[in-house]
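The model shown is predicted, which means the values in this text are computed figures rather than measured ones.
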Amino acid sequence: MADYIDTLVEAAEDDSVSLDGLHVTSHDGGYRLETPDKSHESLSEATLRDVLSGDDEYVTNWYFWSRTVGESSPQRRAFLRWVEGADAEGQSVPARYDALRDGIEREWGQLLVTATLGDDGERRYELRHVDEADREGDDLDTYHEPLAARQLATYDEKGRYRPLKSGTNLAGGWVFPDLDGRDLVETVETFYPASVPNWYREREGTLDVEHWVDTIGRQTGMYSVVETWNRGDGHEHVNWVAESCCDDSQCVKRREWQYDDETDLDVDGGDGAFPCREPCSLVIAASRKWTRLEGENTQTYEFELTPSEKEQLEAIVDAVADDRTDEIREADVYEGANRYRARFLRAKLFDDDGNLCGVPTEDES
């Protein structure tokens, strides 16, 4: 504590100290110290030190943010202050310290960050899957190195590769129990690349958003075909893309890109903590396939279905689109997407060649 006071007094001699309600300035007549609770004028250096020793929370808070975290990485500093709500209006340092002793939790995509108070005002951070907030740490695999997050983010809980790192299929079962601020941000960035810098640029008003038209305009090779989907007849097709890929149920980012600078999409961008500044590679890859599918000519097919069969087909599409098929148990025969009901429908309506109601997809004539 004495070392922290020495550093603070030295800083006040060179320049004024001001952070989170603590203000210390040096004048010819001595020092002036002010906190939200009290104010002192014309203090000698010895008296200033005595007063500061009774304001240890303000002193350690200043030291942590000014010396431990520092100003070298504004993005990291802003993120760590966001985690504990340090910039929240009306919250004093003592009140924040009380909250830190209990643990302050913030969600970042599917990550749960818990900030706690360490020795002499140091902050320590725990990182785990948001769905496992109440699990005992001993039940989870423990990691300490930020790069371990790379492997954890690669596959979902079924062992399938995750092409979209911001997808909502991050597997759990792990915990980083004791990180400092630098390692916390590096770990978060390994799970969600560029999320902190883009979040910070958005806060500063410098986020460079690249809209749909700009993004597809720079596609080359096999992806350049997507540009042919813009036929000058509106942007409904891009609404479909955003609704399919960029919903909160599919991606933890908040979509900020639109059709172009002057045309907003009709689909909500979501509520993610950090922004998506351009259509991602998965959106472009999927759009390439949709471009080709939408280029097909329509045909008329005639089927005979009972009302229940029509509703069941609708239920199957909804369940697959919302990734709910695993939630429908074998005994849930009242669910349209129940596996046995789907198999019954196939047995009844599909011919040996897999044609619905025996109607071929292409006109055999």
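- For R277 and W257, the positive end is not near the middle of the six-membered ring at less than 6.0 Å and at most 45° from its axis.
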**OP:** Assess whether side chain to side chain donor-acceptor pair (under 3.5 Å) is satisfied between Y31 and E41, documenting all intermediate values.
**Re:** CA-CA 6 Å; Y31 294 89; E41 300 280 353; over 6 Å; no

**OP:** Evaluate the criterion side-chain contact (heavy atoms from CB on, under 4.5 Å) for residue pair D266 and H235; output intermediate values, then yes/no.
**Re:** CA-CA 9 Å; D266 301 325; H235 59 278; 4.2 Å; yes

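- The heavy-atom pair separating G336 from A315 by the smallest distance is CA-CB, 3.9 Å.
- Nearest heavy-atom pair, A86 versus D20, reported as atom, atom and distance to 0.1 Å: O-OD1, 4.0 Å.
- There is a side-chain donor-acceptor pair under 3.5 Å between H211 and D261.
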**OP:** Given ring-ring contact (aromatic ring centres under 6.0 Å, His included), test W108 with Y192 step by step and report yes or no.
**Re:** CA-CA 9 Å; W108 189 258; Y192 296 131; 7.9 Å; no

Original post:
For R162 and D156, what are the C-alpha separation, side-chain angles and deciding distance, and is it a salt bridge (charged side-chain N to carboxylate O under 4.0 Å, His left out)?
Top reply: CA-CA 6 Å; R162 299 175 68 239; D156 67 14; over 6 Å; no

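- Under a cutoff of 6.0 Å and an axis angle of 45°, R123 and F64 form a cation-pi pair.
- Note on Y259 and L207: same hydrophobic cluster, where clusters join Ile, Leu, Val, Met, Phe, Trp and Tyr whose side-chain heavy atoms are under 4.5 Å apart, directly or indirectly.
- For E45, the CD atom sits in a packed shell: over 12 heavy atoms of surrounding residues, nucleotides or ligands are nearer than 6.0 Å.
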Original post:
Can you check ring-ring contact (aromatic ring centres under 6.0 Å, His included) on W174 and F191, steps first, answer last?
Top reply: CA-CA 13 Å; W174 49 266; F191 277 113; 4.9 Å; yes

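- Between R96 and E57 there is no salt bridge, since no side-chain nitrogen of the basic residue lies less than 4.0 Å from a carboxylate oxygen of the acidic one.
- Side chains of R343 and N338: no donor on one and acceptor on the other come within 3.5 Å.
- Clustering ILVMFWY residues whenever any of their side-chain heavy atoms sit less than 4.5 angstrom apart, transitively, puts L111 in the very cluster that holds Y143.
- A donor and an acceptor atom, one from each side chain of T187 and T190, are nowhere located under 3.5 Å apart.
- Across all non-hydrogen atoms, the minimal contact from Y58 to S92 is OH-CB, 4.3 Å.
- For the 3.5 Å distance criterion, the side chains of T25 and H23 fail to qualify, holding no donor opposite an acceptor.
- Contact between L112 and V130 at its shortest, heavy atoms only, is CB-CA, 3.9 Å.
- A donor-acceptor pair shorter than 3.5 Å can be found between the side chains of E122 and T68.
- Side-chain atoms of D50 and T47 include no donor-acceptor pair closer than 3.5 Å.
- Residues W212 and V267 do not share a hydrophobic cluster, defined by chaining ILVMFWY side chains whose heavy atoms lie under 4.5 Å apart.
- Taken together through direct or relayed side-chain contacts under 4.5 Å among Ile, Leu, Val, Met, Phe, Trp and Tyr, V241 and L282 form parts of separate hydrophobic clusters.
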Subject >> D332/R341 under salt bridge (charged side-chain N to carboxylate O under 4.0 Å, His left out): CA gap, chis, key distance, verdict >> reply: CA-CA 9 Å; D332 291 335; R341 283 194 62 181; over 6 Å; no

**OP:** Kindly determine whether N198 and R203 satisfy side chain to side chain donor-acceptor pair (under 3.5 Å), including the steps that lead there.
**Re:** CA-CA 9 Å; N198 285 337; R203 278 170 49 113; over 6 Å; no

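- Looking at Y155 and R160, their side chains never come closer than 4.5 Å, going by heavy atoms from C-beta outward.
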**OP:** Please assess F79 against Y200 for the test ring-ring contact (aromatic ring centres under 6.0 Å, His included), listing each intermediate value before the final yes or no.
**Re:** CA-CA 8 Å; F79 179 77; Y200 179 76; over 10 Å; no

**OP:** I would like to know whether E256 and R254 meet salt bridge (charged side-chain N to carboxylate O under 4.0 Å, His left out); could you show each step before the answer?
**Re:** CA-CA 6 Å; E256 291 299 318; R254 169 175 29 85; 2.8 Å; yes

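- Salt bridge R218/E278: present, at least one basic N to carboxylate O contact under 4.0 Å.
- Judged purely by distance below 3.5 Å, without hydrogens or angles, the side chains of S195 and E189 pair a donor atom with an acceptor atom.
- A11 and R67 make their closest contact through CB-NH2, 3.7 Å (heavy atoms, listed as atom of the first residue, atom of the second, distance).
- L164 and L152 sit in two unconnected hydrophobic clusters of ILVMFWY residues. Membership requires side-chain heavy atoms under 4.5 Å apart, directly or through other members.
- In this structure a side-chain-to-backbone donor-acceptor pair under 3.5 Å is missing from R32 to V24.
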Original post:
Do D247 and S249 pass the side chain to side chain donor-acceptor pair (under 3.5 Å) test, and can you show the C-alpha distance, the side-chain angles, and the key distance before you say yes or no?
Top reply: CA-CA 5 Å; D247 185 79; S249 65; 2.8 Å; yes

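- Electrostatic pairing of K158 and D326 counts as a salt bridge here, judged by a charged N lying under 4.0 Å from a carboxylate O.
- Contact check on E34 versus K38 returns no salt bridge, with no Lys/Arg side-chain nitrogen under 4.0 Å from an Asp/Glu carboxylate oxygen.
- Remark: E186 does not engage R182 in a salt bridge, criterion side-chain N to carboxylate O under 4.0 Å.
- Taking all atoms of both residues into account, the shortest heavy-atom contact from G167 to V252 is O-CG1, 4.3 Å.
- Judged by the 6.0 Å distance and 45° axis criteria, R201 is not positioned over the aromatic ring of W199.
- Using a cutoff of 4.0 Å between basic side-chain nitrogens and carboxylate oxygens, R324 and D318 are not scored as salt-bridged.
- The neighbour count for D119 CG, taken as heavy atoms of other residues, nucleotides or ligands under 6.0 Å away, does not exceed 12.
- For CG of D138, the number of neighbouring non-hydrogen atoms (other residues, nucleotides, ligands) closer than 6.0 Å is 12 at most.
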